[in-house]
**Q** 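Quick one: structure below, then a few questions.
Lettering of chains follows the sequences in order, A, B, ..., and the numbering in each one begins at 1. Excluded from the calculations below are hydrogen atoms, water molecules and symmetry mates; all remaining heavy atoms, backbone and side chain alike, are included.
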2 protein chains.
Amino acid sequence: MAKGESLGEFEYLVLLAVLRLSDDAYGMRVRREIAERTQRDVTIGAVYATLDRLTAKGLINAELSDPTPERGGRAKRSFHLTGAGIQAVNRSRRELESMLEGLAFPLPRGSR
Amino acid sequence: MAKGESLGEFEYLVLLAVLRLSDDAYGMRVRREIAERTQRDVTIGAVYATLDRLTAKGLINAELSDPTPERGGRAKRSFHLTGAGIQAVNRSRRELESMLEGLAFPLPRGSR
DNA sequence: TTATTTTCTCTACTATGTAGAAATCGTGGC
DNA sequence: GCCACGATTTCTACATAGTAGAGAAAATAA
């Protein structure tokens, strides 16, 4: 990428999911959020790999929460955006927006 | 990707550029369009590789135009979206939009 | 202590993104 | 014709991101 700064497509989705979920942003929940909203099936491995890479880049950081008192209530690793993460989202969003400018969606079938 | 259907980040940008440029969508011009709008530096190799991959997937198709009568006016290979390409753009856009829903941009620095 | 639930970890592989030099195909000048 | 030059495309190699799914952990319940 241009200086390794741009977000991948899925990275962007994950970041947005973490943002939306605020204090409830842990792996399984992030997976579900993306799956429900975008209607695609997201595997858990994809989510964690991305979460780890975003953490390594310093765009999010992890925090281990206490286990909840329910069956299978294992401790969750929850995430939130860092300042750099916020900037990255803003930038990606701006870039995408600038390419959409003036186009009307949905595009009609025979748009040509 | 989920069934290999989703567009990569750069693929999406390239598709949008091709769309915007309509009959003037050839490699160099696409490169410039993306560079100017998104403010990032895009190398020509990245553009052609992506254009080729999108062609292979049937999302755009190429057409060799006549050379223009100017110095260095070599024949251009220009592209336009296929029906599948239009659908792909619509879908990516819808997915992204659904993840943005309710968020206000730009995100404030201390959004957490 | 075994079953069951939820979440997380790990490994391997495929697809996308990136870079830049080199090849092509035109023009224009001598 | 031959050579310089400009615009565009092609090629090759490598880095990063996306995907998949089995399996390990950690908790509750019986």
**Q** Whole angstroms only, please: what is the CG-C1' distance between Leu13(A) and dG18(D)?
**A**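 One finds 11 Å between C1' of dG18(D) and CG of Leu13(A), rounded.
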**Q** Between the side-chain atoms of Arg74(B) and the base atoms of dT8(D), is any donor-acceptor pair under 3.5 Å?
**A**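 Present.
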**Q** What is the distance, to the nearest angstrom, from the CG atom on Leu21(A) to the P atom on dT7(C)?
**A**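 The answer, rounded to whole Å, is 13 Å.
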**Q** Which of these nucleotides, dT9(C), dT8(D), dT16(C), is closest to any side-chain atom of Tyr26(B)?
**A**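 Looking only at heavy atoms from C-beta outward on Tyr26(B), the closest nucleotide is dT8(D).
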**Q** What's the closest nucleotide to the side chain of Glu11(B) if the choices are dA17(D), dG17(C), dA27(D)?
**A**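 Among dA17(D), dG17(C), dA27(D), the one nearest the side chain of Glu11(B) is dG17(C).
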**Q** Expressed in angstrom and rounded to an integer, what is the separation of Met28(B) atom CE from dG6(D) atom C1'?
**A**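 In whole Å, dG6(D) C1' and Met28(B) CE are 10 Å from each other.
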**Q** Once you round it to whole Å, what is the distance between C1' of dA23(C) and CZ of Arg77(B)?
**A**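 My rounded result for the distance is 14 Å.
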**Q** Quick check on DNA chain C: between Ala49(A) and Phe10(B), whose nearest nucleotide comes earlier from the 5' end?
**A**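 In this pair, the answer is Ala49(A).
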**Q** So, is Lys76(A) near the phosphate of dA27(D), with a side-chain N or O under 4.0 Å from OP1 or OP2?
**A**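 Checking Lys76(A) against dA27(D): no side-chain N or O falls below 4.0 Å of OP1 or OP2.
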**Q** Is Lys57(A) salt-bridged to Asp52(A), cutoff N-O under 4.0 Å?
**A**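 So Lys57(A) does not pair with Asp52(A) through a salt bridge.
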**Q** Working to the nearest 0.5 angstrom, can you tell me the gap between Glu11(B) CD and Leu59(B) CG?
**A**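 Between atom CD of Glu11(B) and atom CG of Leu59(B) there are 7.5 Å.
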**Q** For Arg31(A) and dA20(D), give me the distance from atom CZ to atom P, rounded to whole Å.
**A**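 Rounding to the nearest Å, CZ of Arg31(A) and P of dA20(D) are 12 Å apart.
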**Q** Can you give me the closest heavy-atom contact between Ala17(B) and Ile34(B), atom names plus distance?
**A**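 Closest pair (atom of Ala17(B), atom of Ile34(B), distance): CB-CG1, 3.8 Å.
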**Q** If you assign each of Arg53(B) and Ile44(B) to its closest nucleotide in DNA chain D, which residue comes earlier from the 5' end?
**A**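 Its nucleotide being nearer the 5' end, the pick is Ile44(B).
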**Q** Could you give the CD-to-P distance, from Glu95(A) to dG17(C), as a whole number of Å?
**A**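 To the nearest whole Å, that distance equals 13 Å.
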**Q** Do Phe79(A) and Leu21(A) have side-chain heavy atoms sitting under 4.5 Å apart?
**A**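 No - every pair of side-chain heavy atoms lies 4.5 Å or more apart.
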**Q** Under 4.0 angstrom, heavy atoms only, what part of the nucleic acid is Gly45(A) near: base, sugar-phosphate, or nothing?
**A**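 If one applies the 4.0 Å heavy-atom cut-off, Gly45(A) turns out to touch a base.
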**Q** Rounded to the nearest angstrom, tell me the gap between atom OH in Tyr12(B) and atom C1' in dG17(C).
**A**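 For the pair Tyr12(B) OH and dG17(C) C1', the rounded distance is 18 Å.
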**Q** What integer distance in Å separates Glu5(B):CD from dT14(C):P?
**A**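 So the two atoms are 19 Å apart, to the nearest Å.
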**Q** Return the CD to CZ distance between Glu33(A) and Arg31(A), rounded to the nearest 0.5 Å.
**A**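 Here the rounded value is 11.5 Å.
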